[in-house]
Amino acid sequence: MRVSRITVWQKTLRLAKPYWLSGGRLKFEALDSTFVRIDTDEGPSGWGEACPWGQSYLPAFGGGIRAALEVLAPVLIGRDPRDIDLLNRAMDLALPGHLYAKSPLDMALWDLLGQASGLPLHSLLGGAEGESVAVNSSISTGAPEEMVALIEAARAEGYRTHSAKIGGNDPALDIARIEAIEAARQPGEQVTYDVNRAWSPALAIEVMNAVAARGWFEQPCETLEQCVQVRRRTRQPLMLDECLHGFQDHLDAWRARACEGVKVKPNRLGGLTKARRVRDLGVAVGWRLHIEDVGGTVLADTAALHLALSTPPEHRLASWLCHPHLSEDAAPGQGARNRDGEAVLPKAPGIGVAPDLDWLGAALTTYERPAP
Ligand code: MG
């Protein structure tokens, strides 16, 4: 089996409602997503998607993915798509770094490996640990009562775990948000307070020590070193997200005893191949993991949740789904979707999601093997 053609699409995904992060510093209304389809000489095609959450959340953006694909796609043409580690090393040699740009190709290779072997992705990534994956809501930054109302709406959709976005320069406001959410929290519910790097270490230490919340706090400050400073002077479990990119960053976090858990996001880490290595490290060192993608349609969500399903339950926290935040559906009826707080993964070979071609519209570009 050889890669014969790689087709690229760009789609602007509008959010159903504006969304604020990092204490209101960052506002999002639309996401720029890149889709790839890898065709082979033997028939099967694999799908991949890369969708950084806008361009201000991470050092990643849609235009960067499509520019990097000009270098990366030709590396795969003519190669056996099932040689996934080999092809990742070839991409890393051709274009060091630029991890987020490699993730759609890596995802499509996994989709093809699944189809070639007749197995769903979760079987290839370690085997299904249970029947479904718990999913969590994502609560936009706002006034305390607005955030409590958003959690009530999420509760009505079955969510029992919530990621509440806080942060900013006003410790009293953050303390008020946390206390309001804790007062409204129902038995059995979990809340993670995601600061999205908005606090200085001093502010993080002040707020976290002022609240009795039992929940997790996530990415309080910009850098790993600042988060370590917070870790040493607070008691709540810490989750790290935006400051971790390559495998080495995770080793550094572990050596520094910086956190009790990490987010595992294929797009941020460079694809499912590299995300799986971080997942395996996390299991080995005893971390708790939120496994989900940075953003995107039900395609990216489902690919990431296959990795979650194949992770031992004692190591995983709930997974977030991006697609319910979007105003349109790339693949109606397909993939991992919230059903009363749980998502069931497709058992079809590969990812089990193919975007609707009419919805995708005209392709941007196609890379093909030159005629001999
Ligand atoms: Mg986060």
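Because only heavy atoms are used, hydrogens play no part in the values below, and waters and symmetry mates are left out as well, while side chains stay in. Indexing begins at 1, ligand by ligand and atom by atom, following the structure's order.
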(request) Name whichever N, O or S atom of D194 ends up nearest to the Mg ion (ligand 1). (result)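 Result for D194 and the Mg ion (ligand 1): OD2.
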
(request) Output the atom name for the N/O/S atom of D241 with the smallest distance to the Mg ion (ligand 1). (result)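 This turns out to be OD2.
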
(message) Check this for me: does any side-chain nitrogen of one of E314 and R288 sit under 4.0 Å from a carboxylate oxygen of the other?
(response)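 No, this pair does not count.
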
(request) Measure from NZ or CZ of R197 to the centre of the six-membered ring of W199 and say whether it is under 6.0 Å with the direction within 45° of the ring axis. (result)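 Here R197 fails the 6.0 Å and 45° test against W199.
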
(request) Is it possible for you to check whether K11 lies under 6.0 Å from the centre of the six-membered ring of W359, through NZ or CZ, and within 45° of that ring's axis? (result)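 The answer is yes; both the distance and angle limits are met.
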
(message) Looking at H315, I'd like to know if its NE2 atom is crowded, meaning that more than 12 non-hydrogen atoms belonging to other residues, nucleotides or ligands lie closer than 6.0 Å.
(response)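 Atom NE2 in H315 is crowded, with more than 12 foreign heavy atoms closer than 6.0 Å.
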
(request) Examine all N, O or S atoms of E218, backbone included, and report whether one is under 2.8 Å from the Mg ion (ligand 1). (result)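 Yes, within the cut-off.
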
